[in-house]
Amino acid sequence: MKLPISWLREWVELGASETAVADALTRRGFYVEGIETLGGAYPGVVVARVLEVSRHPNADRLSLCRVDGGAGELRVVCGAPNVRAGMVVPLATIGATLPGGLVIKKSKIRGEESQGMLCSARELGLSEDHEGIVDLERTFGAGEGGEAVALPASGTPLAALVGTPEVVLEVEVPFNRPDGLGIVGLAREVKAALGGRWTTAARDRLAAQAAARGDFDLTLEDAEGCPRYLAQAVEGVRIGPSPRWLRRRLDGVGQRSINNVVDLTNLVLFEFGQPLHAFDLAKLAGPAILVRRARAGERIVTLDGKERALDPEVLVIADRERPVALAGVMGGAESEVTATTTALLLECAWFDPRRVRRGARSLELSTEASKRYERGVDPEIGPAATARFLELLARVSPGARPAAGRERRAGEAAVRTLTLRTARVARLIGVAIGAEESARHLAAMDFAVTAGDPLTVAVPSWRPDVTLEDDLVEEVARARGYDQIPEAPPAGRGVHAVRSERERRVARARGAMLARGLSEAWTSSMVSEREALATAALLGDAAPALVRLTNPMSRESQVMRPNPVAGLLRACAHNLRQGAQAVRLFEVGAGFRARGAGELPLERLMLAAIASGPAHAHAHSDETLKATDSALQPLDLFGAKGLWEAWLEEMRVDTPGWRAYAAAGWKPGASAEVASVTSHIGWAGSLSQPLLRGWDIEVPVHLFVVLLDALSQDAAGRPRATLPGRFPPVRRDLAFFVPVAVTHAALVAALRGAAGEWLASLELFDVYAGTGTPEGMKSLAFALRFQHPERTLTEDEILKVQERMTIAAARECGAQLRER
Amino acid sequence: MTATPLAKDDLPADWDQGDPETLGAEHASRLAELEAGGSGWAGFYERAARGLAAAPDLAALKERHTRLLGRERGIVTGRLATLGDLTAAERKTTGRALNLIKRWLTELEGERRGALERALEARSASGFDVTLPGRRPWIGHRHVLGQIQDELLDLFHGLGYSVYSSPEVEEEAYNFAKLNFPPDHPARDAHDTYWVEGGHLLRTHTSPGWVRAMEELRPPLKLVFPGRVYRAEQVDASHMDQFHQIDGLCVDRDVSMADLKGTLNMFARSILGREVKTRLIPIYFPFVEPGAQLDVACAICDGTGRITEGATAGRCPVCKGAGWSELLGAGMVHPHVLRAVGYDPEQVTGFAFGMGLERIAMARHGIPEIRLFLENDLRFLEQF
C-alpha cells in the first residue's frame with residue numbers, strides 16, 4: 001500500500017518528517033519498504049506544443065516533431081506512438097536534468113538532430129506510466145467541475161503545472177490488518193504512534209453518514225454472502241476527465257486515471273479501504289439489484305473484457321435479468337460507466353471475506369477490491385464512504401444529485417467486547433504495565449476502554465484481527481514499542497538438551513564420508529518421474545509407490561524422490577560439464593514412498609554416495625618415486641568398495657556381508673547388496689552406461705546407498721575393550737587353490753571357523769588364476785598373524801592350527817593348500 | 001690439573017680452512033678480549049671458532065660440537081668441570097676465559113646450523129625436490145548450509161534445546177489449521193503450497209513440528225526443528241522452491257517476550273558478533289501473538305541506510321538504503337495453537353522463533369544466488 005504523505009496530512013495534524021513517519025510505522029508492524037518521491041523540480045523541462053509530426057526518414061518507429069518550446073521552434077526526435085500535432089507535452093530542453101539524473105544533450109538519432117526530448121510520466125517520475133508522452137491536456141486540462149481549463153503558454157516551466165513533489169511511503173500491510181489498506185487506517189496508526197490528532201476535515205468525514213431514501217429495488221438473496229448493501233442512484237452526472245487534484249491522489253497510490261466517476265470510487269477505496277462500484281443506471285434492467293449466487297451456466301463479460309463462466313460458488317450482483325458484476329471482485333462490461341452515462345448507481349457493500357475469496361479464486365482474479373474484501377472491510381464504514389463519494393462527486397460533476405436509494409442490512413453486527421488483565425500483560429510481555437498505561441495506548445487507537453482491572457475494551461469495527469485478550473496484549477506491546485521490552489537472559493528452566501542416538505548416528509555417517517574425501521551435496525527433493533523410476537529400480541523397486549505433486553512447477557520436479565540418487569547424478573553431470581575430473585559426493589536425506597490412502601508417505605533416511613574419477617586428488621608420475629599406476633588411474637570397483645567398507649567399519653556395522661545383486665541400472669556383474677547380521681543395509685556397485693546416459697554421463701560412476709535407520713539396530717553401541725597382546729605375533733602366508741565358484745567370503749569363513757582364538761588376523765593379499773593353476777581353480781593367498789595373549793606360540797602349535805584350517809578349507813570349500 | 005690453556009694444536013689443523021669472514025664482525029674483538037685477559041686461550045679459540053663456522057655439513061658440525069662442547073667428552077666442557085681443582089686466582093682467569101669461549105662457540109655453532117639447514121631446504125644433496133607435490137587424498141567438504149545448521153544447533157544445544165524431527169510431506173491440518181491459519185484465509189497466500197496426490201502437502205515451514213512435538217510431549221519443552229521446507233514459487237536468483245529453516249520453541253509456565261528477546265539477542269550476538277545491533281519489531285504470523293521480527297542493522301551504515309561522511313556519502317551501497325535486514329521471525333505461541341494441542345494458555349505460555357539457513361549463509365559468506373545451494377557445483381562446495 002502506497003501512502004502519500006500529503007494525503008496523510010489531510011487526515012492527521014502532524015509535525016513529523018516523512019522519515020519519522022516511516023520509522024514509526026515500521027516499529028508498529030507496518031514495515032515501510034521504501035520512500036519514493038513523485039515529481040521534482042524539473043529544471044529545464046517546459047510546457048511545449050507539438051506543431052507538426054512527420055516520419056523519421058531512417059526509422060519506422062521514430063517520428064520527427066516540430067515543437068514550440070516557447071523560445072522558438074525546435075526539432076525533436078520522438079519514439080512514442082501517441083505523439084500527434086496539436087498535443088501539449090512536457091519538453092526537456094537541452095541541459096535539462098530529469099529526476100532519474102539523465103541530462104539532456106543535443107544529439108543525433110539515426111542521423112536526425114534532436115534538440116530535446118518529449119517525456120513520459122515515468123521519465124518525469126510522475127508515475128509508472130511509460131506507454132507514451134504525457135498528454136498535458138488530458139492530465140492537467142480539466143478544471144474542478146470537469147470544464148476545460150487553458151494550459152500555460154509554451155515555455156512555462158513544467159513545475160508550475162505539476163506542483164510540489166509528492167513523497168510516498170511504500171508500506172507492507174500485514175495480512176490481518178485490512179484497515180491498513182486505507183489511508184484512514186494508516187493515519188490512525190501514525191496518529192497513535194506520534195501523538196497526532198485527526199484534522200477537522202477528517203473528523204467531519206468520519207462522522208458523515210449517507211442515508212438512502214429507501215425507494216430503490218434492492219434484494220439480498222444471499223444474506224450470508226452479503227449482509228449489507230447500500231445502493232444509491234445519482235442523476236445529472238457528467239462523465240469527463242478528472243481534475244488535477246484527483247489525478248494527483250491516484251498517481252500517489254499508483255492508480256491510473258480513467259474518468260471522474262471511476263477515479264472517485266478508487267479514491268474512496270484507497271482512502272477508506274471500502275470498495276465502491278458505479279453502474280450505469282440506464283443499463284440496469286429494472287432498475288433493480290439482486291445479490292445472489294451465480295446460476296450454473298451463467299456467463300459475464302468483466303471490465304477487463306474477458307468472458308467468464310460462473311458457478312454457484314460465485315456471488316454476483318444481478319439486475320432483473322442477468323449478473324452485472326462479480327460481487328467484491330470486478331464489475332461487468334455491459335453496465336460500465338462510459339462517456340455517455342448520465343445516471344449511475346453506486347454500490348457500497350460488505351461481502352463475506354470467504355465468499356469473495358472463493359469467487360476470486362475460482363475465476364483466478366485478484367483486484368484491489370477483492371484484496372480488501374478477502375481481508376475484511378470495516379462493516380461500519382459504508383455510510384461515511386458513500387457520503388464522501390457523494391460530496392466529492394458534487395465537486396467534480398456539478399449538478400449531480402442523489403435519486404432513489406436503499407440500504408439493506410441483514411442483522412446488526414455485534415460490538416466485540418474483551419477484557420484485559422494487567423497480570424496477563426505482565427505475563428506475556430515480561431514487564432509490568434499499569435492498567436492506565438494500557439488504557440491510554442488502546443484509546444489512542446480508538447478502542448473504547450472502560451477503566452478498571454481488568455479493562456473492558458470495545459473493539460472497533462475496523463479491527464477484525466482483535467478477538468482475544470492476547471490480541472490486546474499485542475496492541476499494548478506494539479504501542480509501548482518492542483524496544484521497550486526488557487531482555488531476560490535465557491534461563492535453563494530445568495530443561496537439558498539431549499542428542500538422540502539417531503542424530504549422533506547421522507552426524508557420524510556424514511563425518512565418515514567426509515573422511516573418505518567425499519563432499520556433502522544437498523540436492524533437490526523433487527525429481528522427474530523418469531529419474532524416480534530409474535533410481536527406484538536400482539534399489540530393487542521396479543514399480544515404486546511414488547509421491548506425486550499435483551501442482552508441480554515443471555516435469556523436472558514432479559515427484560518426491562524415492563532416494564537421493566537422482567540428485568547426486570544431476571550434480572555429477574553438472575560438475576562433469578563444468579570440467580571436473582572427479583566427482584565424489586554424498587547426501588543424507590529422505591527418500592519418499594507413498595502409503596495407503598490418507599496416510600503420510602514413508603520417509604526413509606538414506607545416505608547415498610557417488611564416486612567417479614581418479615582415486616587421488618593429486619598424483620604425478622615421477623621417475624625417482626615410481627608412483628604406482630593406481631594412483632593415477634580412475635577409481636576402480638575395488639577402490640570404490642574399499643571406500644564403502646571403510647565407511648561401514650567406521651560406522652561399526654557388525655560384520656557386514658556382501659551378496660551378489662542384480663537390478664536394472666547397475667553394470668552387469670558389478671553390484672552387490674550389503675547386509676549385517678540382522679538386516680539389509682544397502683547397495684553398492686558400478687552404474688550401467690544406459691542408466692548414466694539418462695543424465696548425460698559418459699564416465700564410470702560408483703554408487704553406494706545405505707538405509708540409515710536400518711543401520712541403527714546393528715551399529716554396535718559400546719564395544720568392550722580387549723587387551724592388545726603383549727607377546728610377539730607369528731606371521732605366516734598360506735595360499736589355496738579353490739574352485740572358481742567359491743567366494744572369498746566362504747573360504748575366509750571356513751578358515752576362521754577352524755583357526756580358533758589364536759588367529760589374530762587374516763588378510764587376502766593375492767588372487768590369481770592362470771599359468772600354474774589347475775583347471776577350474778583359482779588361487780587365493782592370505783597373510784596370517786597368530787598371537788597368544790599370555791605367551792609366545794611354539795612352531796608346533798602354529799602348525800597344528802594351520803593343519804586344522806587346511807582340513808576345514810578342503811572339506812567346506814574343496815580347497816587345496818598350494819605348496820611352495 | 002693444570003691452568004695451562006688448551007692450544008691450537010689440540011684441535012685438527014684442517015679446521016683452519018674455514019673462511020674467517022664467516023666468523024662475524026666480533027671475532028677480532030673477542031680474540032683481543034681473550035689476549036687481554038692474559039689467559040693464553042686466543043689461539044685455541046681461533047681454531048675452534050673456524051672449525052665450527054666452516055663445518056661442511058650437519059654431521060661434521062655435530063662431531064665438532066661433541067669434541068668441543070659435548071657433555072661427556074668435550075674438551076671445553078671437561079676443563080670447566082675441573083675448575084674446582086685450581087687455585088682461586090687461576091680459577092678466576094681460566095673460568096672467565098672458558099665461559100666466554102663456551103658462550104661464543106655455542107653462538108657460532110647455532111649460526112652455522114641455521115645456515116646449513118636453510119641450504120638443505122631447497123634441495124638436498126640427493127636431488128630430491130622437496131617442493132614437488134605429494135600424492136594427495138581427496139578432502140570432503142561439509143555443505144555450507146550443513147555447517148551453518150551445525151553451528152546453530154550447537155548454539156541452541158548449549159541453551160538447552162533438543163532437536164525434534166517431523167515429516168516433510170505433512171497433513172494440511174498440521175501445516176495450517178492447527179497453527180491458526182483459518183481456512184480460506186489470505187494468510188495462506190504467503191505460503192504457496194505444493195500439494196501431493198492424496199491431499200497432503202509439502203510443509204511450507206518447519207512450524208508443524210511444534211504441533212507434533214506438543215501433542216507428544218508435556219511442558220516444559222525447549223526444542224529446535226531443523227529441516228527442508230517447500231514453497232511453490234518460480235525459482236530465480238533470490239527464490240528457491242525448496243529451502244531450509246530452523247524453528248525453536250520454548251514452552252513453560254511464565255515464559256514471556258522478555259525471555260524471547262534475551263534468547264534472540266544472545267543468538268544474534270553469537271552468530272554475528274558481540275557488536276551486532278538488532279531491533280525487534282511487530283509482524284503478523286497467524287501462529288504467534290504478539291508476533292515479532294528481529295532485524296539486524298547493516299554493518300556499514302548502522303541501520304540508517306545512508307552514509308553521511310566521506311567520498312561515498314549517499315545511499316548505503318551495501319544494504320541499498322534499507323538499513324536493516326530481517327534475520328528471523330518470532331513471537332509468543334498463539335493461544336489457539338496451545339489449545340489445539342491440549343495445553344491451557346492460562347497455565348503455560350511459550351515463545352517460538354524461526355529462521356532461514358540460506359539467508360544467514362548468503363549474508364555471512366556474500367553468496368549472491370540462492371540457486372547455488374542445491375546446484376552442488378564442487379567449485380562452490382569446496383570453498384567452505
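For the numbers below, each heavy atom of this structure counts, side chains included, while hydrogens, waters and symmetry mates do not. A, B, ... follow the sequence lines: proteins, then strands. Residue 1 opens every chain.
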What's the shortest heavy-atom distance between B/V169 and A/E603, and which atoms?
N-OE2, 2.9 Å
Any donor-acceptor pair under 3.5 Å linking the side-chain atoms of B/E382 with those of A/S519?
no
For B/T193, which atoms come within 4.5 Å of any heavy atom of chain A: side chain, backbone, both, or neither?
backbone
Around atom CD of B/E346, are there more than 12 heavy atoms from other residues, nucleotides or ligands closer than 6.0 Å?
yes
Under 4.5 Å from a heavy atom of chain A, the part of B/L145 involved
both
Could you tell me which portion of B/E171 (side chain, backbone, both or neither) has an atom closer than 4.5 angstrom to a non-hydrogen atom of chain A?
both
Please assess A/D471 against B/E289 for the test side-chain contact (heavy atoms from CB on, under 4.5 Å), listing each intermediate value before the final yes or no.
CA-CA 7 Å; A/D471 296 327; B/E289 181 77 352; 2.5 Å; yes
Show me the side-chain donor-acceptor pairs of residues 153-165 of chain B shorter than 3.5 Å, one per line, residues at least two apart or across chains.
{"residue": "B/D154", "atom": "OD1", "partner": "A/R499", "partner atom": "NH2", "Å": "3.1"}
{"residue": "B/S162", "atom": "OG", "partner": "A/V498", "partner atom": "N", "Å": "2.8"}
{"residue": "B/Y164", "atom": "OH", "partner": "B/R212", "partner atom": "O", "Å": "3.4"}
{"residue": "B/Y164", "atom": "OH", "partner": "B/E216", "partner atom": "OE1", "Å": "2.5"}

Which atoms of B/I283 come close to chain A, meaning under 4.5 Å heavy atom to heavy atom: side chain ones, backbone ones, both, or neither?
backbone
Which region of B/R142, side chain (C-beta onward) or backbone (N, CA, C, O), has a non-hydrogen atom less than 4.5 Å from a non-hydrogen atom of chain A, or is it both or neither?
both
Top residue by heavy-atom pair count (under 4.5 Å) with chain B, among A/E172, A/E374, A/R510?
A/R510
Report the residues that fulfil side chain to side chain donor-acceptor pair (under 3.5 Å) with B/D377, sequence neighbours left out, ordered by chain and then residue number.
A/H574, B/R379
A/E599, A/E587, A/M553: which one forms the most heavy-atom pairs within less than 4.5 Å of chain B?
A/M553
Salt-bridged, B/E197 to A/R595, with N to O below 4.0 Å?
no
Find out whether A/D470 and B/M332 are in side-chain contact, i.e. whether some heavy atom of one side chain is under 4.5 Å from a heavy atom of the other.
no
Under 4.5 Å to a heavy atom of chain B? For A/L546 that would be neither
Heavy-atom proximity to chain A below 4.5 Å, by part of B/E170
both
Side-chain H-bond candidate by donor/acceptor type, B/Y230 with A/S525, under 3.5 Å:
yes
Can you tell me which portion of B/P167 sits under 4.5 Å from chain A's heavy atoms? Options are side chain, backbone, both or neither.
both
B/L202 vs A/M526 side-chain heavy atoms within contact, under 4.5 Å:
yes
Evaluate the side-chain proximity of A/I429 to B/S256: yes if any heavy-atom separation is below 4.5 Å, no if none is.
no
